[in-house]
Asks: 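This structure is in structure tokens; I'll ask about it shortly.
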Number of protein chains: 2
Amino acid sequence: MTAIKETSVIQENKQYALDICPVTYVMEKIGNYWKPIILYHLSKGPIRYSEIKRAIPAITEKVLIQHLKQLESDGLVIRKAKPVVPPYVTYKLSKSGKGLMPVIDAMASWAINERAKEDKQ
Amino acid sequence: MTAIKETSVIQENKQYALDICPVTYVMEKIGNYWKPIILYHLSKGPIRYSEIKRAIPAITEKVLIQHLKQLESDGLVIRKAKPVVPPYVTYKLSKSGKGLMPVIDAMASWAINERAKEDKQ
DNA sequence: ACAAGTACTTACCCTAAAGTATGTATCTAT
DNA sequence: ATAGATACATACTTTAGGGTAAGTACTTGT
């Protein structure tokens with residue numbers, strides 16, 4: 001969320017890469033350590049903020065909402081707040097977000113495979 | 001490549017997360033902006049260092065070799081150097097690396113779909 | 001009266017990652 | 001003689017992301 005130096009050559013190249021490389025496009029949206037992990041936890045259906053928090057104990061609250069907001073503004077997740085007190089806020093995947101499930105699933109299967117290999121040694 | 005503060009609570013939590021969350025495991029290996037992009041370009045078969053460089057103009061050389069070395073030491077890519085001059089070095093996916101192709105492919109398809117949606121508007 | 005839970009926000013700091021710039025050794029082409 | 005290509009390496013600086021800690025507003029439970 002910082003201004004981009006428009007004079008930068010690498011920024012021009014990034015724009016170019018974005019136009020032609022599909023993976024670059026993906027990385028601009030979820031290319032960050034936490035986002036796929038968050039999406040993974042959203043994959044099981046709507047989930048409350050506090051539940052995500054507990055599901056990912058290694059993330060700090062600041063970083064968690066920060067990414068949730070970004071995912072929301074990128075149209076990948078949908079926030080729904082019930083006007084009650086204490087607040088009841090759930091997050092779920094949008095249609096685009098659901099489209100990422102093959103990616104997340106592929107990640108999970110790879111991890112499970114690799115872990116199995118490690119254990120054999 | 002820096003020492004980890006072992007007293008940190010979040011590091012403990014990260015270890016815990018690694019044990020149970022498969023996506024976290026993946027992110028520890030390729031959870032970085034450039035790695036999936038590099039792997040994408042390696043997916044078409046063995047490729048020379050300079051070809052990768054040209055294929056990803058937005059990356060700096062420093063960052064590129066840095067990641068190639070890391071991917072190599074993580075057993076995801078294999079480096080092969082012909083002892084000629086000028087040097088002839090190729091990189092290709094290892095078996096584990098190839099196992100990531102479903103992830104990369106899923107990313108690419110998603111991106112292509114999303115771009116198509118954007119264009120319609 | 002006080003703690004705890006809800007879903008955040010905000011200010012401040014720290015570090016890991018990335019960027020900039022330059023150098024190396026060897027060969028070929030102009 | 002000089003430039004360009006090869007595949008890096010290395011010192012130095014910048015920045016973006018993440019971590020720490022505290023606060024908010026309102027309610028329920030003890």
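Heavy atoms only: backbone and side chains are in, while hydrogens, waters and symmetry mates are out. Each chain gets a letter, A, B and so on, in the order the sequences are listed, and its residues count up from 1. Source: prediction; values computed, not measured.
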Asks: Want to settle it: does A:V63 or B:Y49 sit nearer the 5' end of DNA chain D, counting the closest nucleotide to each?
Replies: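 In this pair, the answer is B:Y49.
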
Asks: Let me know the distance between CD1 of B:I52 and P of D:dC8, rounded to the nearest Å.
Replies: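 Answer to the nearest Å: 9 Å.
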
Asks: Output the rounded distance in Å from CD (A:E61) to P (C:dG5).
Replies: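 From A:E61 CD to C:dG5 P: 12 Å.
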
Asks: Counting only side-chain N and O atoms of A:R48, is one of them less than 4.0 Å from OP1 or OP2 of C:dA7?
Replies: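 Checking A:R48 against C:dA7: at least one side-chain N or O falls below 4.0 Å of OP1 or OP2.
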
Asks: If the cut-off is 4.0 Å, is A:Y91 near the phosphate of C:dC8, judged by side-chain N/O to OP1 or OP2?
Replies: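 A:Y91 to C:dC8 OP1/OP2: side-chain N or O found under 4.0 Å.
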
Asks: Are A:Y40 and B:M27 side-chain neighbours, meaning at least one heavy-atom pair lies under 4.5 Å?
Replies: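 The answer is no, as the side chains (C-beta and beyond) never meet within the 4.5 Å cut-off.
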
Asks: What nucleotide among C:dA7, C:dG19, D:dC8 has an atom nearest to a side-chain atom of B:W34?
Replies: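 So the nucleotide nearest the side chain must be C:dG19.
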
Asks: Once you round it to whole Å, what is the distance between P of C:dA18 and NZ of B:K62?
Replies: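 Rounding to the nearest Å, NZ of B:K62 and P of C:dA18 are 8 Å apart.
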
Asks: Could you tell me the separation between the OH atom of B:Y33 and the P atom of C:dA18, rounded to a whole number of Å?
Replies: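 Whole-Å distance recorded here is 11 Å.
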
Asks: Between B:Q70 (CD) and C:dA16 (C1'), how many Å, whole number?
Replies: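 Checked: the CD to C1' distance equals 11 Å.
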
Asks: Quick check for you: to the nearest 0.5 Å, what is the distance between A:I30 atom CD1 and A:I37 atom CD1?
Replies: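 So the gap between those two atoms works out to 11.5 Å.
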
Asks: D:dT27 P sits how many Å from A:K82 NZ, rounded?
Replies: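 These atoms are roughly 18 Å apart.
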
Asks: Does the side-chain contact (heavy atoms from CB on, under 4.5 Å) test come out yes or no for A:E118 and B:Y25, once each step is laid out?
Replies: CA-CA 12 Å; A:E118 277 179 21; B:Y25 179 88; 2.5 Å; yes

Asks: A:Q66 CD to C:dT10 C1': how many Å, rounded?
Replies: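 Atom-to-atom, A:Q66 to C:dT10, this comes out as 12 Å.
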
Asks: Answer yes or no: does a side-chain N or O of A:H67 lie under 4.0 Å from OP1 or OP2 of D:dG17?
Replies: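 Checking A:H67 against D:dG17: no side-chain N or O falls below 4.0 Å of OP1 or OP2.
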
Asks: For a quick test of reading the model: is some side-chain N or O of B:R79 closer than 4.0 Å to OP1 or OP2 of D:dC8?
Replies: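 Yes, within the criterion.
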
Asks: Let me know the distance between CD1 of A:I65 and C1' of D:dA21, rounded to the nearest Å.
Replies: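 That distance rounds to 14 Å.
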
Asks: Which nucleotide wins on minimum distance to the side chain of A:T60, given the candidates C:dT26, D:dG19, D:dG17?
Replies: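 Shortest atom-to-atom distance from the side chain points to D:dG19.
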
Asks: Under 4.0 Å: is that the gap between some side-chain N or O of B:R54 and OP1 or OP2 of D:dT6?
Replies: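 True: B:R54 side-chain N/O within range (under 4.0 Å) of D:dT6 OP1/OP2.
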
Asks: Taking only the side-chain nitrogens and oxygens of A:N32, find out if one of them lies under 4.0 Å from OP1 or OP2 of D:dG18.
Replies: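 Yes, A:N32 has a side-chain N/O under 4.0 Å of OP1/OP2 on D:dG18.
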
Asks: For a salt bridge (Lys or Arg N to Asp or Glu O under 4.0 Å) check, start with the C-alpha distance between B:R54 and B:E51, then their side-chain angles and the critical distance, and finish with the verdict.
Replies: CA-CA 5 Å; B:R54 273 190 295 271; B:E51 290 175 311; 5.6 Å; no

Asks: Could you verify whether a donor N or O on one side chain and an acceptor N or O on the other, from A:Y49 and A:E61, lie under 3.5 Å apart?
Replies: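 A:Y49 vs A:E61: donor-acceptor pair found between side chains.
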
